[in-house]
Amino acid sequence: MDRTDRFRRRALLALIFSIPFTSLNATAQEESEQVLRDQALKLLGKHVFFDSELSNPKGNQACASCHEPFAGGTSGFSDVNETSVVVPGATAPNIGNRKPPTNTYASFTPPWQPAVPGSPCNLFAGIPFCGGNFWDGRSQGNEFPLGNTAPAPHLGDEVFYDIENAAIVAFGQYKGPTSDQALNPMPNPAEQNIARIDVCERVKNSIYAPLYKLAWGVDLDCSATLAYNDNTHYDISFKRLMLSVGAYQHSEDINAFSSKRDMALRAELACDGSSYPEHYDAEFCALLAESNKDAGQFPLLLLTEEENLGHDIFYQSPFGPPGPVAAGACALCHSGPGEDGSEPLQLYSDHSYHNIGVPHNPHIPNAPDPGLSNHLLDALPGPVRTPTLRNTSKGAQPGVFTKAYTHNGWFKSLETLVHFYNTRDVKVRCEALIPETIPEGTELTEAVALANDCWPSPEFPDTAVGGPILGNLGLTSDEEAALVAYIHTLNDAHTAEAPVLLDESNIRARRIFTMFQMQKWDREVCVIGGVTSSAQAASHSQRPCLPLSEIIELLEEDDWLMQ
């Protein structure tokens, strides 16, 4: 935040604190209720996402503990990433058996569905379904389970059982795999280890509790009496809170599309004079015109020669006509059907399931993760959901912060993973070097494999994908480096920050929320409280009517919530 922004926020806070509640003039903005409710919902979801009090014991874990923004939405613990890759739960020794997947762009994952022509899958995978969240897809996002599956719990229309307000019913757009996924970590003993009723009570007693009323239009009810079918009131409230977490994960704070690749693409597309006007630069557009290239098509002028080469290798397929560069074949799994990388909202995933032959990670204390067969009961073990390549290496700094790659985190650098894709079937198996070169009993880690120029056998060899798309690509070291360079361009520049209300040292922001809460301010925020103009606000009540936009600004969330 620059000095001007800080001064503006301080001035606004000073104004609010200096004027008596009985005389504060209304300055309502003409905003639709649906927009305001939606903003309140996402703001609520962000606070729930970052609140470490929502665990047992308190303060031990939040959603963000496994999905750290600075680390690209996955584990932010370098020491954990170097070994077990499984983030410890709130209560030791409870621990799972998976590396957390990134939550960035997870909201774009389609519901679990048949892999048929017209679906978002790449059909060569041989898996009859695609979509869904978690590494195994069990967060289906469907009202009724599909296939011979063991799905995770589903969040449905029961959250609207007593709501008729169309602006709130519109929250239904956030139902799906991401909101279904949000139901799981808090009650899980290996994760946040907190009962639904306790989540409800702690949010009800939190400083950000008024956001619930702003979003949902009703008070947070944590009673144990039945509300709808077999759902208690606290069940409904918990599900509404988790839908808010899902809504937040649909926001620009999580899905920023702010990578170097995105900026380079938009800079060119803006030269048509109407697209992305905030990126228009006349001098750059003159250079683009001189280049005689099609705007938005690779090579992009703002990427380096190496990065553009990496893009070309990424999309070159071994099944098509020979191209001017080597076939990296990456896009066969890390793009949607027909995509070439010029799509502004490219997700770099086919939403399907594959087994690339990842070795066993000996540092994970529990049994190997079978992947898809944990959910699709008639599937063979091994395949896992194709992750997005966005933010893959975000936060990684050699010698400072280690990231772990693939579902079991065996790989500790993007360079090693790309080298594995290129040479998996070329190098000798590490097991063949025991005991002559590698001592008996040695754990076959990435470090051991690199030191001995070998690769361990796949953890699940029966379903491992074979050539020509993986394992013997024939790339040179420079071509591998170009692929790595291109993948680096997919890291977002924007990083979500923890809410200021959860920072106990931020006394002023917490004070204003406390004061408004005492004054029932959740009923008086402009427009949502039934006030539609400044004039109406002035006659409606002598108590303050503060536009939600100003509350959002005070909380320093306007950079993503009011775009």
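In what follows, every heavy atom counts, from backbone to side chain, and hydrogens, waters and symmetry copies are set aside.
- The aromatic ring centres of Y105 and Y348 sit 6.0 Å or more apart.
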Inset, instruction - Could you check R98 against H407 for side chain to side chain contact (heavy atoms under 4.5 Å, CB included), going step by step and ending with a plain yes or no? - result: CA-CA 6 Å; R98 290 177 172 174; H407 72 286; 5.9 Å; no

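- When every heavy atom of A152 is checked against every heavy atom of N184, the shortest pair comes out as CB-OD1, 3.7 Å.
- Across all non-hydrogen atoms, the minimal contact from M242 to V48 is CE-CG1, 4.0 Å.
- Checked by atom type and distance alone, the side chain of S139 never pairs as donor or acceptor with a backbone atom of N133 at under 3.5 Å.
- Proximity of N408 to W135: side-chain heavy atoms (C-beta onward) are nowhere separated by under 4.5 Å.
- Here Y421 and Y405 keep their ring centres 6.0 angstrom or further from each other.
- For E201, the CD atom is densely surrounded, since the number of other residues' heavy atoms within 6.0 Å is greater than 12.
- With a 4.5 Å cut-off on side-chain heavy atoms, P458 and R429 count as touching.
- Listed by first and then second residue, the side chain to side chain donor-acceptor pair (under 3.5 Å) pairs involving residues 460-474 are N355-T463 (not counting sequence neighbours).
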Inset, instruction - Could you walk me through whether D235 and K239 pass salt bridge (Lys or Arg N to Asp or Glu O under 4.0 Å), step by step? - result: CA-CA 6 Å; D235 283 325; K239 290 182 179 181; over 6 Å; no

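- With a 6.0 Å radius and a threshold of 12 heavy atoms from other residues, nucleotides or ligands, F319 has its CZ atom above the threshold.
- Side-chain contact check for K260 versus E307: some heavy-atom pair is nearer than 4.5 Å.
- Using a distance-only test at 3.5 Å, with no hydrogens or angles considered, a donor-acceptor pair links the side chain of Q61 to the main chain of Q192.
- Residue-environment remark: CD (E504) stays at or below the threshold of 12 foreign heavy atoms within 6.0 Å.
- For F257, the CZ atom sits in a packed shell: over 12 heavy atoms of surrounding residues, nucleotides or ligands are nearer than 6.0 Å.
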Inset, instruction - Please assess H375 against Q140 for the test side chain to side chain donor-acceptor pair (under 3.5 Å), listing each intermediate value before the final yes or no. - result: CA-CA 10 Å; H375 168 220; Q140 292 191 6; 2.9 Å; yes

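- Remark: the backbone N or O of A62 is paired with a side-chain donor or acceptor of S65 at under 3.5 angstrom.
- Two residues are said to be in side-chain contact when any heavy atoms from C-beta on lie closer than 4.5 Å; R390 and D262 meet this criterion.
- Between N422 and E480, the side chains place a donor N or O and an acceptor N or O closer than 3.5 Å (distance only, hydrogens not considered).
- The two residues A190 and G96 make their nearest non-hydrogen contact at CB-N, 4.1 Å.
- Not a single donor-acceptor pair under 3.5 Å links the side chain of Q346 to the backbone N or O of E343.
- Using cut-offs of 30° and 60° on the angle between ring planes, the pair H334 and F314 is tilted.
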Inset, instruction - Go through T495 and K394 one step at a time and tell me if the side chain to side chain donor-acceptor pair (under 3.5 Å) criterion holds. - result: CA-CA 10 Å; T495 300; K394 183 172 182 174; 2.8 Å; yes

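- R261 contributes no side-chain N or O that, together with a main-chain N or O of L490, makes up a donor-acceptor pair within less than 3.5 Å.
- In this structure, the side chains of P365 and I95 come closer than 4.5 Å at one or more pairs of heavy atoms.
- Atom CD1 of I236 sits about 11.5 Å away from atom CG of L241, to the nearest 0.5 Å.
- The distance from the CG atom of D51 to the CD atom of E53 is 6.0 Å, given to the nearest 0.5 Å.
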Inset, instruction - Start with the C-alpha gap between L183 and F238, add the side-chain angles, then the distance that decides, and say whether side chain to side chain contact (heavy atoms under 4.5 Å, CB included) holds. - result: CA-CA 8 Å; L183 294 172; F238 174 80; 3.9 Å; yes

Inset, instruction - Mind running side chain to side chain donor-acceptor pair (under 3.5 Å) on W560 and S251 for me, showing each step along the way? - result: CA-CA 8 Å; W560 62 273; S251 75; over 6 Å; no

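- Distance CG/N391 to OG1/T104: 4.0 Å, rounded to 0.5 Å.
- Between N60 and T91, the side chains place no donor N or O within less than 3.5 Å of an acceptor N or O (distance only, hydrogens not considered).
- Contact record, P362 with E443: CG-CB, 3.8 Å, taken as the closest heavy-atom pair.
- Interatomic distance, SG of C66 versus CZ of F77, reported as 7.5 Å (0.5 Å rounding).
- Put simply, the side chain of E431 gets close to the backbone of S457: a donor and an acceptor are under 3.5 Å apart.
- No side-chain donor-acceptor contact under 3.5 Å links K403 to the backbone of N81.
- For D350 (side chain) and S352 (main-chain N/O), a donor-acceptor pair under 3.5 Å exists by modelled atom type.
- Side-chain atoms of Q113 come within 3.5 Å of backbone atoms of P111 as a donor-acceptor pair (strictly under, hydrogens ignored).
- Using the six-membered ring where Trp is involved, H47 and Y208 have ring planes that are tilted, between 30° and 60° apart.
- At a threshold of 4.5 Å between non-hydrogen side-chain atoms, the residues F134 and R385 do not count as touching.
- To the nearest 0.5 Å, the span separating OG1 on T445 from NE2 on H363 amounts to 6.0 Å.
- Using modelled atom types, no side-chain atom of W112 and backbone atom of F129 make a donor-acceptor pair closer than 3.5 Å.
- Of the N and O atoms on the side chains of Y228 and D157, not one donor lies less than 3.5 Å from an acceptor on the other residue.
- Remark: D198 CG to R196 CZ distance equals 12.5 Å, nearest 0.5 Å.
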Inset, instruction - Give the intermediate values and the outcome of side chain to side chain donor-acceptor pair (under 3.5 Å) for residues Q249 and S107. - result: CA-CA 6 Å; Q249 292 182 98; S107 61; over 6 Å; no

